[in-house]
Enquirer: 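Sharing a structure here in structure tokens format.
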There are 2 protein chains.
Amino acid sequence: MNDQTDTDKMNGADSLVQTLLDSGLDTCFTNPGTSEMHFVAALDHVPGMRSILVLQEGVATGAADGYYRMAGKPACTLLHLGPGLANGLSNLHNAKKAGSGVVNIVGEHAVTHIELDAPLTSDIEGIARPVSHWVHTSLSAADVGADAARAVQAANVAPGQVATLMLPSDTAWNEGGTVAPALEPAVRPAFDAAALAEAVAALSGPDSLLLLGGAALSAEMLEVAGRIAAKTGCKLLSEWANARQERGAGRVVVNRVPYPIDQALETLAPFKRIVLVGARAPVGFFAYPNKPAILTAEGTQITNLCTTGQDIEAALAALCSGADATGTAPAHVAEASTPDKPSGPLEPGGIAQALARSIPEDAIIVDEAITTGRAFFPATAGAPKHTWVNNCGGSIGYGMPVAIGAAVACPDRKVMALVGDGSAMYTVQALWTMAREGLDITIVIFANRVYKILRGELTNVGVSNAGPKAMDMLSLDQPTLEFAQMAKSMGVEATQVSDCEALELAIETGLAHKGPYLIEAVM
Amino acid sequence: MNDQTDTDKMNGADSLVQTLLDSGLDTCFTNPGTSEMHFVAALDHVPGMRSILVLQEGVATGAADGYYRMAGKPACTLLHLGPGLANGLSNLHNAKKAGSGVVNIVGEHAVTHIELDAPLTSDIEGIARPVSHWVHTSLSAADVGADAARAVQAANVAPGQVATLMLPSDTAWNEGGTVAPALEPAVRPAFDAAALAEAVAALSGPDSLLLLGGAALSAEMLEVAGRIAAKTGCKLLSEWANARQERGAGRVVVNRVPYPIDQALETLAPFKRIVLVGARAPVGFFAYPNKPAILTAEGTQITNLCTTGQDIEAALAALCSGADATGTAPAHVAEASTPDKPSGPLEPGGIAQALARSIPEDAIIVDEAITTGRAFFPATAGAPKHTWVNNCGGSIGYGMPVAIGAAVACPDRKVMALVGDGSAMYTVQALWTMAREGLDITIVIFANRVYKILRGELTNVGVSNAGPKAMDMLSLDQPTLEFAQMAKSMGVEATQVSDCEALELAIETGLAHKGPYLIEAVM
């Protein structure tokens, strides 16, 4: 396609698609509109791009987030003008916080049309900027290819960035499109070598903590961290939310700093010295009256050896070597274990047992189970090897879209999406895309029929006398949301369960099923 | 509540709710989170605010838009931080383009917490600005009341504006809240009196057009426009999309400039002189290759007598008087008419007939029927008096949320939401809120199972050879969306019809039904 004769005949949209392919992007999540029709047409002219239709853009951006976490390379989204981007904004917020690379292609009016202030005209760059690391509007068809290559380069900056490219419709339909070669990825900065000696000295005994995040939670890096812990006696923890963590029998166990403010403070209180590798010093998810916002104990020595965008593998290797732990066997390696068969009504403990008994080897667990999910992590440590995926930005409605992206990235692995009912409703349109693409996703909806997390937070923020109107704003029970029925209406097989035995059976059915399967777990 | 003793004990959230009430706002559409818990608690302390829970913020902002159009005063939304606002952004775009006043209250982290960059931290003002006329962040509990009064004042600037107030959680929970009195609404600017003589001279004969928008489409103003048309022989049209237009038997008929570019150009070609009252000179919804973006014929004299934010009533009165038409009987008054009973498969013409036969007196029709809906306007001109509501911003997913707001504003009127299947899926969560609140809304979903408008637009933008991958991105048929089943899963009674007789019967059933009723019209 780089042949000059072809290029002369090429419009901007064709050059865009070919450049994205040449830069390694071959997956697009989209809900296109009129201004994106030439990109859509290019899908047939330029072979190789898998394009996946979604019914609302929050599904597209969440899917791109999940895709990056599992594929290790960006997907693109194709979004319709400012409002299409706006609908995808909250899952871009989550992607940004997770360090996921995403290339957003956003249609824009033709340059001459913008000034006319048509109904769909908006400040697209303004909408993009709060959730993007890189924002650019192409000015002509000839620029589109080179701009696209730069967008991909920006998205690949470690650990991954959100790059948003606006494509005015005339730059898509005009001829003169020129395919641009892939740009060299940016070199990942080195870790802070000046902090190494302090970090090595800090890790000694159970009052010291190695706090891990980002790429430090890969299977290989966890093993290195396990050696350091074995040698120095330091504890290991990760942040509350991780973009991707490898877990299961044979892997080094790393628990998370808890979400509830009091538990988090208690967990971190013993540590006098903390070394950060790919993680940030823990702060409260929210501010609460009369509670500290910084979760580490006063006077704790914090050594930031390596940020999430720096060379985490080199940092952990140096730390391991500095601690003279390279020959040490890792501590905290999980033994294979299967909990007892749970029975009776659904409550977090029993659900966690059923889950731990069901996780298949190499499963990807997308966790948006909120309150119900707090019991899952300990129970599943000894399950077969699997990948755990958290919401890093706190905007609910991330789970089912991210599961789509993970399933597209890893067609040979089973995906489980564990989602609270309140969260599921945010991007429930995701079910249709799962069915359309035949994705192997088992979705478990925890239907406690309340925004349960907020019941707890009311007290935490000092509301002691919540009245009936307040409680009504946290309730999802009038009318009852029938998730199994809703899933079927979008082409997804589904069932409803209300005890642990049925849940375990349903999970087995779902995992054996080809395509998506939804389980409504009524609590 | 203005008593000094009470005020001393009041937190910022309580002062906010009381100030909003004192400024005339008594309706709140919300999905709150931790940072909004004190506002939620205040709903019980401070009586008078009706708070309506939604499952996704696009429903909240769309409902506020619909509420303003029908109540003529703003509602507030209560949104959770940047992502909650972001989810509501596209319907705020529509509200902004419709000239609807909305007061967004957006929770923000406590001031001391923002700098810690917690997961939910984002540039909320940056997210708000592209869709807001007024943006402010409160700095202390003592400021909240006065800031809220200013937000309401900003939202009430004619024709209506989007005002977004960020409330850091400490300003909500700290004591020292002070209720602020309502501020005087801004005076609506006068119309352009200097343009009056030219406008009067311009309107003469069928090659002159009075183009109406905004408040010019009220029943009273339409009558004035009808007098002018009778006296001068000018034609009457409105913009393609209107926030609210009064219609039906006994009212002056004003058709809209068509959406399809070729039809729009043809409609406007005959006019040598156009006078604008509350409308803007028509431009294309999109730019298209080799077609003009400005829809009026070259050389057309355009006189802008009055913008949508100016005194439209005075402008039309002056125009009527200048044309010596105050004693003239209005032209184009619709006679009551009932089309023949339609039969056979569902197609736009028959659907329009069924609709025209069913519209009850005083109905509110929220029209997001896209391609199917193009036949509705002419067929319904002689139906009983009703209000027609369009999407002014072009971002789909506005229909069902706006219907919620209209139904809340007008509990004694029947609301009909006419929605394309693609549009309906954008904010399908709206159905649950309709059921929860028992709103009298009859929803008709036109299930053609395709983004049909885009099939036409492909050709308009010059794509003549769309391949199978492109067509696949415009199709909604794999799997089939079962809307009746989906509605039932959210507590809404529903039925599916596939011919005109069944549609008419189903509409009758829906209108007689207490609470929402959904009709899936399979085309």
Enquirer: Could you tell me which of Gly422(A), Pro468(A), Ala42(A) has the largest number of non-hydrogen atom pairs under 4.5 Å with chain B?
Expert: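 Max contact count across the listed options: Pro468(A).
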Enquirer: Can you list everything that forms a side chain to side chain contact (heavy atoms under 4.5 Å, CB included) with Ala466(A)? Sequence neighbours excluded, please.
Expert: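 Checked Ala466(A) against side chain to side chain contact (heavy atoms under 4.5 Å, CB included); matches are Leu458(A), Val463(A), Ala470(A), Met471(A).
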Enquirer: Check whether any side-chain heavy atom of Met486(A) sits under 4.5 Å from a side-chain heavy atom of Val428(B), and report yes or no.
Expert: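 No, their side chains stay 4.5 Å or more apart.
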Enquirer: Are His109(B) and Phe286(A) an aromatic pair, judged by ring center distance below 6.0 Å?
Expert: yes
Enquirer: Side chain, backbone, both or neither: which part of Thr480(B) has an atom under 4.5 Å from a heavy atom of chain A?
Expert: backbone
Enquirer: Name the region of Val111(B), side chain, backbone, both or neither, that has any atom closer than 4.5 Å to a heavy atom of chain A.
Expert: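 Looking at Val111(B), nothing touches chain A.
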Enquirer: With a 4.5 Å cut-off on heavy-atom pairs, point out which of Leu85(A), Asn87(A), Ile52(A) contacts chain B the most.
Expert: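 Of the candidates given, the most pairs with chain B belong to Asn87(A).
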Enquirer: If you count heavy-atom pairs under 4.5 Å with chain B, which of Arg129(A), Gln429(A), Met490(A), Lys96(A) comes out on top?
Expert: Gln429(A)
Enquirer: Verify the distance criterion only: is there a donor paired with an acceptor across the side chains of Tyr426(B) and Glu57(A) at less than 3.5 Å?
Expert: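 Yes, side-chain donor-acceptor contact under 3.5 Å.
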Enquirer: Quick one: does His80(A)'s side chain have a donor or acceptor within less than 3.5 Å of a partner on Ser395(B)'s backbone?
Expert: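 No, the answer is negative, given that no donor and acceptor are paired below the 3.5 Å cut-off.
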Enquirer: So, taking the atom named OG in Ser90(B) and the one named CG in Leu89(A), what distance separates them when rounded to the nearest 0.5 Å?
Expert: 10.0 Å
Enquirer: Side-chain contact, heavy-atom cut-off 4.5 Å: Glu482(A) with Lys488(B)?
Expert: no
Enquirer: Which atoms of Asp170(B) come close to chain A, meaning under 4.5 Å heavy atom to heavy atom: side chain ones, backbone ones, both, or neither?
Expert: neither
Enquirer: Atom CG of Leu53(B) and atom CG of Leu476(A): how far apart are they, to the nearest 0.5 Å?
Expert: 6.5 Å
Enquirer: Nearest 0.5 angstrom please: Met425(A) CE to Leu55(B) CG, how far?
Expert: 5.0 Å
Enquirer: Select, from Gly284(A), Gly462(A), Ala435(A), the one with the greatest count of heavy-atom pairs under 4.5 Å involving chain B.
Expert: Gly284(A)
Enquirer: Report yes if some heavy atom in the side chain of Ser51(A) is under 4.5 Å from a heavy atom in the side chain of Met473(B); otherwise report no.
Expert: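 Result yes, sub-4.5 Å side-chain heavy-atom pair found.
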Enquirer: Restricting to side chain to side chain contact (heavy atoms under 4.5 Å, CB included), what partner residues turn up for Arg280(A), sequence neighbours left out?
Expert: Glu239(A), Asp117(B)
Enquirer: Once rounded to the nearest 0.5 Å, what's the spacing between atom CH2 of Trp432(B) and atom CG of Leu481(A)?
Expert: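 If we round to the nearest 0.5 Å, Trp432(B):CH2 and Leu481(A):CG are 6.5 Å apart.
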Enquirer: Less than 4.5 Å apart, side chain to side chain, heavy atoms only: is that true for Lys97(A) and Leu120(B)?
Expert: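 Answer no - side chains too far apart.
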Enquirer: In the structure I gave you, are the side-chain heavy atoms of Lys469(A) and Met49(B) within less than 4.5 Å of one another anywhere?
Expert: no
Enquirer: CZ of Arg436(B) to CD of Gln478(A): how many Å apart, nearest 0.5 Å?
Expert: 6.5 Å
Enquirer: With a 4.5 angstrom heavy-atom cut-off, could you sort out which part of Thr121(B) is near chain A: side chain, backbone, both or neither?
Expert: both
Enquirer: Do the side chains of Pro119(A) and Phe285(B) get nearer than 4.5 Å, heavy atoms only?
Expert: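 Phe285(B) reaches Pro119(A) side chain to side chain.
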Enquirer: With respect to chain B, which residue among Ala287(A), Ala118(A), Ala41(A) yields the maximal number of heavy-atom pairs within a distance under 4.5 Å?
Expert: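 Winner by heavy-atom pair count: Ala287(A).
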